[in-house]
Student: 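Got a structure for you, questions after.
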Amino acid sequence: MKNKFYITTPIYYVNDRPHIGHAYTTIAADVSARYHRTKGEDVIFLTGTDENSQKTVEGAKKSGEDVKTYADRLAAIWKSTWEALNIGNTDFIRTTEERHVKTVQEIWKRIWDNGDIYKGKYEGLYCKGHEAFMKEVDLVDGVCSDHKTKPEWIAEDNYFFKLKKYEKDLLKLYGDNPNFVTPEGRFHEVKSFVERGLEDISISREKQEWGIPVPNDNKHVIYVWFDALINYISAIGIDGWQKHPADVHAIGKDIIRFHAVIWPAMLMSAKLPLPKRIVTNGFFTIDGVKISKSLGNAIDPLDLAKKYGVDALRYFLLREIPYGEDGDFSEVKLKERYNADLANGLGNLVARVATLGEKVSPIKYNYTHPLHKLLKEAHEEYDYKISTFRFDEALEIGWKRIAQSDAALSVDQPWYKEGSERAEKILSRCIELVIITDLLEPFLPETAQKIKDQISYDRTNKVFHIKKTENLFPRK
RNA sequence: GUCAGGGUAGCUCAACGGUGGAGCAGGGCUUUCAUAAGGCCAAGGUUGUGGGUUCGAGUCCCGCCCCUGACACCA
């Protein structure tokens, strides 16, 4: 039976446009998905949009559109962005879809039936600027320091989820699964957060027209994140999740608490299996400055892809910024890596082997060739790096081999050799390129195909056919 | 403030308590199969700071300075 692998990205707020940070998370998930696919696994890769937020309503108001029209338009932008970046998601979920609404209400009922939802009063100091309740400690002289306004005291009826009840179960979960959240530092923060003690949390809002109604009480709308998390189930159905929950939730560090604390508690209450693993990446700065709407410095990944190519962008992001850590994006660095690693490195190597090989093509391949056994060795370390989301290190393995091939060519000098000796030297480089291409394929799917078009390997007849065409990465 | 992580070459990062390394950038030499690409070589550091432990400290202990993150309902 085929192994299953289910990986998800966060669902992104529709009112935000895709920027480099979203692209990073999604590309990382895509690399993982593609890798598992090359292993012959049955991969489900889910991404989508979170549309039931109050922010969606405001966004629509701002652009003068009907909420539904607005959400449709923006969701389409997200979808096409991922297509353009060669993201191979198998599904795209929108939280306004019927399948999601039904699932959310069903999960609500299960949690309700388990006695974990109750009605209470939610009150506190509400800052209009934040659209959030503030704690007194956040205030300076009773005034919100960010908005310089005095928060109002408001109270509304809310449904609450008995999160506190799951404190011990969560701590046991963390203890039993040392890799539940990576990187470790973040996991530590999660643990200490829970150890300090949990409070029940409100999971509904009153007086809102947009969102999923609470079952049997349409005066209330289910709070966005409670609804949002359930998307991971909606996409594959409750039965599907029951049989095989997510193997990996890839998220940004801003939403760890929801995924590592509230989500497992919700699932425990609904008597459903838990995700296996949550991997979090950091935040981006652009040229050392935080990404912010007011600065308008968010970079559209599509612009970069247009300029440097999709694969170059994918490569740069995962090679430059170690997964889990905060990173700085700069086009100067992108260009540096493009020229050093892609043009001078991979691209140039393929060009030299293709030109050399073309003259002696076809070359017969013999399975006893000494390089053949390296194929397996090459993959062991690499497999480990990918499975632990250390993409930068996995790529480094590929680039070490590229450098070795360049050096080997200088030593072998096949251009001075004749006949079978010449073919033999070039063959070694072709085999090595097969290994390298294998390693890079999840990261650079388009490039891998282009390499295979130039240096094609016929397994049945054990022969290489080589034909030089365009350069993979023209220098910038 | 409390807790956690970090401060090493121009940049990004490595270094079981045992002569501080790599990649990129910059410098020199060199090859022609290749995209003014490749190869080789050299240079580059009082490891944030002040003490301490030790035969020996980037690594362990204490103080200080600086950076980042977490400390619940914007996500």
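Values below: every heavy atom of this structure, side chains too, minus hydrogens, waters and symmetry copies.
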Student: Using atom P in both nucleotides, what's the gap between B/G5 and B/A14 to the nearest angstrom?
Tutor: 15 Å
Student: Picking from B/G69, B/G39, B/A75, which would you name as closest to the side chain of A/Phe258?
Tutor: B/A75
Student: Taking atom types as modelled, is there a side-chain donor on A/Thr447 or A/Tyr315 under 3.5 Å from an acceptor on the other?
Tutor: no
Student: Taking the six-membered ring of A/Tyr166 (Phe, Tyr or Trp), confirm whether the NZ or CZ of A/Lys162 is under 6.0 Å from its centre and within 45° of its axis.
Tutor: no
Student: Sticking with atom C1', work out how far B/U59 lies from B/U54, rounded to a whole angstrom.
Tutor: 13 Å
Student: Between P on B/G38 and NZ on A/Lys400, what's the gap in Å once rounded to a whole number?
Tutor: 18 Å
Student: Could you give the distance separating B/G69 and B/U35 at their P atoms, to the nearest angstrom?
Tutor: 46 Å
Student: A/Leu472 has a side chain; which of B/G69, B/A72, B/U35 sits nearest to it?
Tutor: B/U35
Student: Both distances under 3.5 Å, Watson-Crick or G-U wobble: on that basis, could you give the dot-bracket string for RNA chain B, with [ ] for crossing pairs and | for other-strand partners?
Tutor: (((((((..((((....[..))))..((((.......))))......(((((..]....))))))))))))....
Student: Under 4.0 angstrom, heavy atoms only, what part of the nucleic acid is A/Tyr416 near: base, sugar-phosphate, or nothing?
Tutor: sugar-phosphate
Student: Do any of residues 348-358 of chain A sit with a heavy atom less than 4.0 Å from RNA chain B, and if so which?
Tutor: A/Asn348, A/Ala351, A/Arg352, A/Thr355, A/Leu356
Student: Considering only side-chain heavy atoms of A/Ser202, which listed nucleotide, B/A72, B/G38, B/C73, is closest?
Tutor: B/C73
Student: Could you give the CD-to-P distance, from A/Gln54 to B/C74, as a whole number of Å?
Tutor: 13 Å
Student: Give the nucleotide from the list B/G39, B/C74, B/C71 with an atom nearest to the side chain of A/Ser410.
Tutor: B/G39
Student: With C1' as the reference atom in both, quote the distance from B/C33 to B/G38 in angstrom, rounded to an integer.
Tutor: 10 Å
Student: Just N and O in the side chain of A/Arg475: are any of them under 4.0 Å from OP1 or OP2 of B/A37?
Tutor: yes
Student: Heavy atoms under 4.0 Å, any strand shown: does A/Phe473 hit a base, just sugar-phosphate, or nothing?
Tutor: base
Student: Sticking with atom P, work out how far B/C61 lies from B/G18, rounded to a whole angstrom.
Tutor: 15 Å
Student: Could you list the residues that satisfy side-chain contact (heavy atoms from CB on, under 4.5 Å) with A/Thr388, not counting sequence neighbours?
Tutor: A/Tyr384, A/Arg390
Student: Under the salt bridge (charged side-chain N to carboxylate O under 4.0 Å, His left out) rule, collect the residues that match up with A/Lys335, sequence neighbours excluded.
Tutor: none
Student: Let me confirm one number: the CG-CH2 distance from A/Leu229 to A/Trp225, rounded to the nearest 0.5 Å.
Tutor: 7.5 Å
Student: Please check if any side-chain donor atom of A/Trp78 sits under 3.5 Å from a side-chain acceptor atom of A/His22, or the reverse.
Tutor: no
Student: For A/Ile203, answer base if it contacts any base atom (sugar-phosphate contacts may also be present), sugar-phosphate if it contacts only those atoms, and nothing otherwise; contact means non-hydrogen atoms under 4.0 Å.
Tutor: nothing
Student: Taking atom types as modelled, is there a side-chain donor on A/Ser405 or A/Glu432 under 3.5 Å from an acceptor on the other?
Tutor: no
Student: Mind calculating the distance between CG (A/Asp254) and P (B/G69) to the nearest angstrom?
Tutor: 13 Å
Student: What is the separation between atom CD on A/Glu58 and atom C1' on B/C74, rounded to the nearest whole Å?
Tutor: 10 Å
Student: Counting the atoms with a prime plus P, OP1 and OP2 as sugar-phosphate, which does A/Asn471 contact under 4.0 Å by heavy atoms, base, sugar-phosphate, or nothing?
Tutor: base
Student: Write down the distance separating the P atoms in B/G17 and B/C60, rounded off to the nearest Å.
Tutor: 8 Å
Student: Could you tell me whether the side chains of A/Asn158 and A/Tyr223 share a donor-acceptor contact shorter than 3.5 Å?
Tutor: no
Student: How far, in whole Å, is B/G21 from B/A4 if one measures between their P atoms?
Tutor: 33 Å
Student: Going by the rule side-chain contact (heavy atoms from CB on, under 4.5 Å), which residues pair with A/Pro362 if we only count those two or more places apart in sequence or in a different chain?
Tutor: A/Val463, A/His465
Student: Tell me, which pairs form a ring pair (Phe, Tyr, Trp, His ring centres under 6.0 Å) where one or both residues lie in residues 189-211 of chain A, sequence neighbours left out?
Tutor: none
Student: With under 30° as parallel and over 60° as perpendicular, where do the rings of A/Tyr12 and A/Trp82 fit, or are they tilted in between?
Tutor: tilted
Student: Mind listing the residues from residues 332-345 of chain A sitting with a heavy atom below 4.0 Å of RNA chain B? Number order is fine.
Tutor: A/Glu336, A/Ala340, A/Ala343, A/Asn344
Student: Which residue pairs satisfy the side-chain hydrogen bond (donor to acceptor under 3.5 Å, both in side chains) criterion with at least one member in residues 170-188 of chain A, sequence neighbours excluded?
Tutor: A/Lys172-A/Asp176, A/Arg186-A/Glu189
Student: B/A15 and B/A57: how far apart are their C1' atoms, nearest whole angstrom?
Tutor: 13 Å
Student: Between the protein and nucleotides 3-6 of chain B, are there any N/O to N/O pairs under 3.5 Å, and if so, what are the atom names and distances?
Tutor:
none

Student: Taking side-chain hydrogen bond (donor to acceptor under 3.5 Å, both in side chains) as the test, write out the residues that go with A/Lys61, two or more places apart.
Tutor: none
Student: Please tell me which of A/Val224 and A/Gly197 maps to the more 5' nucleotide of RNA chain B, matching each residue to the nucleotide holding its nearest heavy atom.
Tutor: A/Gly197
Student: How would you list, by chain and number, every residue that makes a side-chain hydrogen bond (donor to acceptor under 3.5 Å, both in side chains) with A/Asp254, sequence neighbours excluded?
Tutor: none
Student: Could you pull out all residues at least two apart from A/Glu320 that satisfy side-chain contact (heavy atoms from CB on, under 4.5 Å)?
Tutor: A/Phe316, A/Lys333, A/Arg337
Student: Once you round it to whole Å, what is the distance between C1' of B/C33 and NZ of A/Lys468?
Tutor: 11 Å
Student: Less than 4.0 angstrom from a charged side-chain N to a carboxylate O is my criterion; do A/Asp406 and A/Arg352 meet it?
Tutor: yes
Student: Which residue lies toward the 5' end of RNA chain B, A/Phe283 or A/Leu163, if each is placed at its nearest nucleotide?
Tutor: A/Leu163
Student: May I have the distance from A/Trp263 (atom CH2) to B/C73 (atom C1'), rounded to whole angstrom?
Tutor: 18 Å
Student: Over how many whole Å does the gap from A/Ile321 atom CD1 to B/C11 atom P extend?
Tutor: 18 Å
Student: Without decimals, in angstroms, what is the distance between A/Tyr223 OH and B/C73 C1'?
Tutor: 6 Å
